[in-house]
Amino acid sequence: MNLAIEILIALMLVIGAAFALVGSWGLAKLQDFFKRLHGPSKATTLGVGCVLIASMLWFALLGQGSGHELLITLFLFLTAPVSAHLLVKAALKLWPQAAPKPPKSS
């Protein structure tokens, strides 16, 4: 196998794991719902996306490539931000007082 591509795959796995770790840490440590939602949605999009791209490269190098990882990555990149947005909209409907105040005009 090509050493440069193997290093790229390992780097993608480490970056994906780091994003997942930071996202789970944010979910555990941040104070309110809106802040807690930000960490896992970014970790899902970037962390799992990096792992899936690394998997896609690995199996392509082995000659067993398929489009499954690419389709999962595209689905994830489309649905994770939309679901986070819908969760925020639902939370604002349940707790209208949580909406940010408009900026003061000068």
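Predicted model, so just to flag it, every value in this text is computed and none were measured. Residue numbers count from 1 along this sequence.
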Could you name each residue pair satisfying side-chain hydrogen bond (donor to acceptor under 3.5 Å, both in side chains) that touches residues 7-32, not counting sequence neighbours?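 Every candidate side-chain hydrogen bond (donor to acceptor under 3.5 Å, both in side chains) pair involving residues 7-32 fails, so no pair, neighbours aside, qualifies.
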
Pair listing, side-chain hydrogen bond (donor to acceptor under 3.5 Å, both in side chains) test, anchored in residues 64-84, at least two apart: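 The answer is Ser55-Glu69, Ser66-His68.
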
Please examine the side chains of Ile53 and Ile9, heavy atoms only from C-beta on, and report whether any two atoms are closer than 4.5 Å.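 Ile9 vs Ile53: side chains apart.
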
Minimum-distance pair of heavy atoms, taken over all atoms of [X] and [Y]:
X	Y	result
Ala84	Leu37	O-CD2, 3.4 Å
Arg36	Gly26	CG-O, 4.3 Å
Thr45	Ser41	OG1-O, 2.9 Å
Ala91	Phe33	CB-CE2, 3.5 Å
Phe77	Gly49	CE1-CA, 4.1 Å
Leu92	Ala98	CD2-C, 4.1 Å

Between CG of Leu71 and CE of Met56, what distance do you get to the nearest 0.5 Å?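 That separation rounds to 10.0 Å.
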
Distance from Leu3 atom CG to Leu8 atom CG, nearest 0.5 Å?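 Leu3 atom CG to Leu8 atom CG measures 11.5 Å (nearest 0.5 Å).
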
Who else is in the cluster with [X] when I, L, V, M, F, W and Y are joined by side-chain contacts under 4.5 Å?
X	result
Leu27	none
Val82	Leu86
Phe19	Leu11, Ile15, Leu46
Leu52	Val48, Ile72, Leu76

Honestly curious: do Leu13 and Phe59 fall in one hydrophobic cluster under the side-chain, below-4.5 Å linking rule?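 Yes.
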
